[in-house]
Amino acid sequence: KDELANRIKELIFECADANRWKVEELNIQPDHVHLLLQFRPDVSVSSMVHKLKGKSSRILRKEFPELKEFFWGTSFWVDGFFAETSGQCSESAIRTYIQNQ
């Protein structure tokens, strides 16, 4: 919800800034996050997701201990993710999808 969603947003932007990535769109839902992110071609998608989820999970578990019963084992995030490149569909279609969630 509000405080948690705001903190997740802050952490995503902090991680993106630290790694010189650009957050194009972000939509935080109660049980998942939609993110359009621009990053260098020398960074793998799995590496980027690992960085985003790893650090934010540690911080969120520390700052929101009341959520412990909802954690996926010892992590805030589930193991999986879905990624799509803008080569298969237009960037504007992805932006519209994220904005309308």
Side-chain angles (χ1 to χ4, degrees):
K1 297 288 179 178
D2 297 330
E3 185 182 354
L4 179 58
N6 288 334
R7 188 62 176 131
I8 291 170
K9 182 178 179 178
E10 288 173 359
L11 292 170
I12 288 172
F13 274 92
E14 285 175 19
C15 185
D17 288 343
N19 289 284
R20 299 180 318 200
W21 305 333
K22 184 176 180 188
V23 176
E24 298 285 351
E25 292 291 337
L26 175 63
N27 186 308
I28 299 172
Q29 298 290 308
D31 62 348
H32 63 281
V33 173
H34 292 277
L35 176 65
L36 176 59
L37 188 68
Q38 198 176 102
F39 55 97
R40 298 178 318 278
D42 63 321
V43 177
S44 71
V45 174
S46 61
S47 171
M48 179 271 302
V49 171
H50 179 76
K51 287 179 181 180
L52 277 172
K53 292 169 90 174
K55 181 82 175 212
S56 63
S57 178
R58 285 188 293 280
I59 293 169
L60 292 168
R61 285 182 288 131
K62 183 177 180 182
E63 293 180 4
F64 297 89
E66 67 275 13
L67 296 176
K68 186 174 185 171
E69 68 184 273
F70 299 105
F71 291 161
W72 298 90
T74 59
S75 180
F76 179 79
W77 304 102
V78 295
D79 289 339
F81 63 91
F82 170 79
E84 179 66 68
T85 64
S86 59
Q88 294 295 324
C89 60
S90 72
E91 183 178 326
S92 64
I94 297 170
R95 281 182 187 274
T96 300
Y97 175 79
I98 292 172
Q99 291 168 354
N100 291 314
Q101 291 303 301

Check side chain to side chain donor-acceptor pair (under 3.5 Å) between R58 and all other residues, then give those that pass, not counting sequence neighbours.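 Testing R58 for side chain to side chain donor-acceptor pair (under 3.5 Å), a comparison that skips the adjacent residues, returns none.
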Residues two or more places apart in sequence or in another chain: which of them pass side chain to side chain donor-acceptor pair (under 3.5 Å) with S57? R61, S75
Is there a side-chain contact between [X] and [Y] in this structure, where contact means two heavy atoms from C-beta onward sitting under 4.5 Å apart?
X   : Y   : value
I59 : R7  : yes
L37 : M48 : yes
L52 : L35 : yes

Spatial distance of atom CD1 (I8) from atom CD (E3) [nearest 0.5 Å]: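 These two atoms lie 11.0 Å from each other.
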Mind checking what makes salt bridge (charged side-chain N to carboxylate O under 4.0 Å, His left out) contact with E25, not counting sequence neighbours?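 Result, salt bridge (charged side-chain N to carboxylate O under 4.0 Å, His left out) vs E25: R95.
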If the condition is salt bridge (charged side-chain N to carboxylate O under 4.0 Å, His left out), which residues does D42 pass it with, not counting sequence neighbours?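 Once residues adjacent in sequence are excluded, the partners of D42 under the salt bridge (charged side-chain N to carboxylate O under 4.0 Å, His left out) criterion are R40.
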Side chain to side chain contact (heavy atoms under 4.5 Å, CB included), that's the test. Do N27 and V33 meet it? Break it down for me. CA-CA 6 Å; N27 186 308; V33 173; over 6 Å; no
Taking every heavy atom of I28 against every heavy atom of A5, the minimum-distance pair comes out as CD1-O, 3.2 Å
Residues forming a ring pair (Phe, Tyr, Trp, His ring centres under 6.0 Å) with H32, sequence neighbours excluded: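 H32 satisfies ring pair (Phe, Tyr, Trp, His ring centres under 6.0 Å) with H34 only.
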Output a table of donor-acceptor pairs, distance under 3.5 Å, between side-chain atoms of residues 11-21 and any protein atom two or more places apart or on a different chain; print 'none' if there are none.
unit_1, atom_1, unit_2, atom_2, d
N19, ND2, C15, O, 2.8
W21, NE1, N19, O, 3.4

Using only atom types and a distance under 3.5 Å, with no angle test, would you say the side chain of K9 pairs donor to acceptor with the backbone of L4?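 A pair under 3.5 Å: no.
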Check: V43 main-chain N/O paired with S47 side-chain donor or acceptor under 3.5 Å: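 Side chain of S47 to backbone of V43, a donor-acceptor pair under 3.5 Å: no, none is there.
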